[in-house]
Asks: 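This is the structure I want to talk about, given as C-alpha cells.
Computed from a prediction, not measured in an experiment: that's the story for all the values here. In the text below, chain A, chain B and the rest are named by the order of the sequence lines, each starting its count at 1.
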There are 2 protein chains.
Amino acid sequence: MAVTIKDIATALRISPSTVSRALNDHPNISEETKKQVAAKAKEMKYQANFIAAGLRTKRSNSIGILVPHITSSFFASAIDGIQKIVSDHGYYSIICQSNEDYHNEIDQIRSLLSCKVEGIILSIASDTKVFEHLETLEAYDTPFVFFDRIAPGFDTPTVEANDFAGGFQAVEHLIKRGRKRIAHLGGPGLLGISKSRYEGYLEALRTYDYEVNEDFVVFTDPDEKHDAIIEKMFEDPKNMPDALFTFSDELAVESILKLKRMGYNIPRDVSVVGFGNSNLCEIVEPNLTSVTHEPIKMGEAAAELLFKVIQNRHIPPHQKNQKFDSRVIIRDSSR
Amino acid sequence: MAVTIKDIATALRISPSTVSRALNDHPNISEETKKQVAAKAKEMKYQANFIAAGLRTKRSNSIGILVPHITSSFFASAIDGIQKIVSDHGYYSIICQSNEDYHNEIDQIRSLLSCKVEGIILSIASDTKVFEHLETLEAYDTPFVFFDRIAPGFDTPTVEANDFAGGFQAVEHLIKRGRKRIAHLGGPGLLGISKSRYEGYLEALRTYDYEVNEDFVVFTDPDEKHDAIIEKMFEDPKNMPDALFTFSDELAVESILKLKRMGYNIPRDVSVVGFGNSNLCEIVEPNLTSVTHEPIKMGEAAAELLFKVIQNRHIPPHQKNQKFDSRVIIRDSSR
DNA sequence: CTGAAAGCGCTTACAG
DNA sequence: CTGAAAGCGCTTACAG
C-alpha cells in the first residue's frame with residue numbers, strides 16, 4: 001500500500017492536518033515540525049496524491065492539449081513550448097489527438113472534461129465544420145484557448161500564425177525577384193490557414209498590380225496525387241508559371257522533385273517557396289526558401305494566455321488574439 | 001458549479017447510489033431507471049468526474065509516457081501507437097518529456113507517480129547513467145515497460161527495435177553490393193541503441209571476414225560538428241571508405257551533402273546507408289537507403305504489455321522482451 | 001431492485 | 001503553533 005499523510009502522522013504522533021500543512025509549507029507550522037515531517041516523508045517514500053488533493057481543492061493542476069496529430073513537427077514543437085510553461089506553473093498536461101476527425105475531437109474533449117482539466121489548448125480538426133461541441137466547454141466553465149486553428153464565434157483567446165502576412169511576404173519576395181507568373185499550390189480548402197495563405201497570395205498580386213490567373217491556383221488535400229497537378233500546371237512550357245508558392249514545405253519539396261524530373265531547372269525556370277521552414281528545407285536541392293513560423297513561441301504564448309484565464313487575470317485586449325508574424329527564409333530555390 | 005451524481009439523484013428523487021450504478025450499467029438496476037438516469041444526466045449536462053472515481057476505486061485510468069522528446073518522429077509515431085491502445089482500454093495518457101536530461105527524468109517520474117498513473121512506458125534519457133530513480137518505481141508497485149531505451153538490471157518487459165540486426169543487415173547489404181571499406185558514423189556512445197547498431201556493424205564485418213579498421217568508426221553527439229568528422233575520414237581519396245553506415249538518417253543526409261560538396265559522387269564513390277527510414281530519405285539526392293523501424297507497432301506492443309502487467313495477466317516469456325526486426329529499404333544512395 | 005453509510009487521501013475553516 | 005471535523009464526488013459492501 002502507498003504511504004499516506006495519515007501514515008506519516010501516526011509515525012510522528014501528530015495530526016494529519018499538521019502533516020499536510022508542513023508538506024505544503026504553511027506559514028503557521030514551526031520549522032522544527034516541517035523538518036521532521038519532510039524527513040519522515042522521505043524515509044517512508046511518501047508520494048503526494050494529486051488526485052486526492054485535486055478532489056478536495058477542486059483544482060486538478062492539469063490542462064488538456066488537443067491537437068490534430070502529434071506527429072506533425074509544427075504541433076510537436078508547439079507542445080514543447082506549451083509544456084515548458086505548464087511545468088513552470090507546476091501543472092501537468094494531458095495530450096490528446098483528434099486525428100483530424102470530428103467525432104474523435106468530441107470524444108477527446110469529453111474525456112478531458114471528465115479528467116477535470118482546468119483548461120484546454122485546442123486546435124480543431126480539419127474535419128470539423130460545426131462547433132456545438134465547443135459550446136459545451138463554455139457551458140462547463142472550462143477555459144480554453146484556440147491554437148493555430150480557430151473556430152469562429154467564440155470569445156476566447158487565440159494564438160495563430162499570421163498566415164495572411166506569410167503568404168503576402170512569400171509572394172512579394174517572388175515579385176521582387178522579378179517573377180511574373182506566380183502560381184499557388186494551396187492546402188485543404190476547409191482549413192482557415194489555407195485560406196489565409198491564399199488570401200495573402202492574392203493580396204500581394206493585387207498590391208503589385210499583377211493579374212490573377214485562375215489556372216495557377218489549385219487547392220490540394222494531403223492524400224491527393226500532387227504529381228499530376230504539377231504536371232498539368234507545367235505541361236505547356238510557353239504558358240507555365242515561373243514561380244510557385246506552396247501551402248507547405250512538403251508540397252514544395254514534392255513540386256521541386258517533380259519539376260526536376262520534368263527537366264526544369266530550379267530556380268532558373270521556376271522559383272519555389274514553401275511554408276513552415278521545416279528540416280526538409282536544407283536537404284532538398286536546391287535548398288528551399290520557406291516562410292517560417294515560430295511554433296515554440298506560439299505554444300508558450302497559448303499556455304500563458306490559458307493560465308491568465310485560469311487565474312482570472314486580466315488579458316489586455318491587444319494580447320487576446322495574437323498573431324505571430326512570419327519571415328521568409330531565403331534559400332537557393334528562389335535566388 | 002458542475003453537476004454531480006447527487007444533483008441527478010435529487011432531481012430524480014432517488015439515491016446517489018442508484019444513479020452511480022445506473023451510469024455504470026450495473027446489472028441490478030432496472031432498465032427503466034437506467035433510461036431515466038441517462039436522460040437526466042444528458043439533460044443536466046453531467047460530466048463524470050474521473051478524479052473522484054479514481055480516488056475511490058484506486059484506479060486512475062491513466063498511464064504515463066516518458067520519452068526523451070516528443071519532436072522526434074520516432075517517438076511521436078510511437079506515442080501514436082501507444083495512444084491507440086490506451087484509448088481502446090478506456091484509459092488516457094499523460095505524456096512527459098525528459099529532454100534527454102537525467103534530473104528532468106527524475107522529476108517527471110515523481111510527477112507521474114503523484115498523478116497515480118497505473119503504469120509507465122519509459123524511454124530513458126541519453127544522459128542517464130544511474131538507475132536508482134527507477135527502483136523507486138518498483139518500490140511503489142507502479143508497473144513499467146521500457147521502450148526503445150532500456151536500463152539494465154530490471155525485471156520488466158521491454159520493447160525495442162532489433163538494432164543489432166538492423167546494423168548487421170545494413171552492412172551486409174553494403175558488402176553484397178561489393179563494398180570493401182565500410183565506415184560507421186555512430187550515435188551517442190552512451191546510448192544502448194548506438195552500441196547495438198555498432199555491434200551489428202562489427203558482426204557483419206566479421207561474418208564476411210572483413211577487417212575492422214578503427215579509423216573508420218567514429219561516435220558522435222547530435223550537437224557536434226559532423227562536417228569536420230566527415231572531412232577527416234574522407235580527406236585521403238586513396239585511403240578513404242567506399243561506404244558509410246550511419247546511426248541515423250540525419251547523420252546520413254549530412255554526410256551525403258558534405259561528401260557531395262567534397263566532390264564525391266554518391267553512390268559511385270561512396271555508398272551511404274542511414275537508419276530510421278524517415279521522411280528525409282526520399283528528399284535527399286540521391287534518395288537514401290535506410291534501415292526501417294516500426295515505431296507505431298512498437299508503441300502498440302509496449303502498451304499491450306503494460307496493460308497485461310496492470311491487469312496481472314500472464315506474459316508468456318517469449319513476449320516479455322520484444323525485439324522488432326528491421327528491414328533495409330534500398331534506395332539510390334547504395335545502388 | 002434500491003438505499004444508507006462508510007471511506008478513498010487530501011485540505012482548510014474553525015477552535016483552541 | 002496544532003488538532004478535530006467536515007467534505008470534495010464518487011463507489012460498493014451491506015442490508016433490506
Asks: Check this one for me: any side-chain N or O of A:N24 less than 4.0 Å away from OP1 or OP2 of C:dT11?
Replies: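 Looking at the OP1 and OP2 atoms of C:dT11, one of them is under 4.0 Å from a side-chain N or O of A:N24.
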
Asks: Is it true that B:E300 and B:K297 make a salt bridge, defined as a side-chain N closer than 4.0 Å to a carboxylate O?
Replies: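 B:K297 and B:E300: not salt-bridged.
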
Asks: Hey, does the side chain of A:T18 come within less than 4.0 Å of D:dT2's phosphate (OP1/OP2), counting only N and O?
Replies: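 It does not, given that no N or O in the side chain of A:T18 lies less than 4.0 Å from OP1 or OP2 of D:dT2.
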
Asks: OP1, OP2 of D:dG9 versus side-chain N and O of A:K116: anything below 4.0 Å?
Replies: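 Checking A:K116 against D:dG9: no side-chain N or O falls below 4.0 Å of OP1 or OP2.
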
Asks: Could you work out which one of D:dG7, D:dC1, C:dC8 sits closest to the side chain of A:R56?
Replies: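 Nearest nucleotide to the side chain: D:dG7.
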
Asks: Is there a side-chain polar atom (N or O) of B:S30 under 4.0 Å from OP1 or OP2 of C:dT2?
Replies: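 Yes, within the criterion.
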
Asks: Can you identify which nucleotide, out of C:dC1, D:dC8, D:dT11, has its nearest atom closest to the B:N28 side chain?
Replies: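 That would be C:dC1.
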
Asks: Does the pair A:K40/A:D7 count as a salt bridge with the N-to-O cut at 4.0 Å?
Replies: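 So A:K40 does not pair with A:D7 through a salt bridge.
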
Asks: Which atoms of nucleotides 14-16 of chain C (N or O only) lie under 3.5 Å from a protein N or O atom, and what are those distances?
Replies:
none

Asks: Among D:dC1, C:dC10, D:dC10, find the nucleotide with the atom closest to the side chain of A:A53.
Replies: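 Within the option list, the nearest is C:dC10.
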
Asks: Name the stems with DNA chain C in them: runs of three or more consecutive Watson-Crick or G-U pairs, distances under 3.5 Å?
Replies: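 Stem list for DNA chain C: C:1-3 with D:14-16, C:5-12 with D:5-12, C:14-16 with D:1-3.
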
Asks: When you measure from the side chain of A:T57, which nucleotide among C:dT11, D:dT2, C:dC1 comes out closest?
Replies: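 Nearest to the side chain of A:T57 among the choices is C:dT11.
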
Asks: Which label fits B:H133 and B:F131: parallel for a plane angle under 30°, tilted from 30 to 60°, or perpendicular past 60°?
Replies: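 B:H133 vs B:F131 ring planes: parallel.
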
Asks: Could you check whether A:R313 pairs with A:E304 (Lys NZ or Arg NE/NH1/NH2 to Asp/Glu carboxylate O, under 4.0 Å)?
Replies: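 Between A:E304 and A:R313 there is no salt bridge, as every charged N stays at least 4.0 Å from the carboxylate O atoms.
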
Asks: So, is B:K58 close to the C:dG7 phosphate, meaning a side-chain N or O under 4.0 Å from OP1 or OP2?
Replies: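 No, outside the criterion.
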
Asks: Is B:S17 close enough to C:dA5 that one of its side-chain N or O atoms is under 4.0 Å from OP1 or OP2 there?
Replies: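 False: B:S17 side-chain N/O out of range (4.0 Å or more) of C:dA5 OP1/OP2.
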
Asks: Using atom C1' in both nucleotides, what's the gap between C:dT12 and C:dG16 to the nearest angstrom?
Replies: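 That atom pair is separated by 16 Å.
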
Asks: Just checking, is any N or O donor in the side chain of B:S93 or B:Q83 under 3.5 Å from an acceptor N or O on the other one?
Replies: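 Yes.
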
Asks: Among D:dT2, C:dT11, D:dT11, find the nucleotide with the atom closest to the side chain of A:S20.
Replies: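 Nearest nucleotide to the side chain: C:dT11.
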
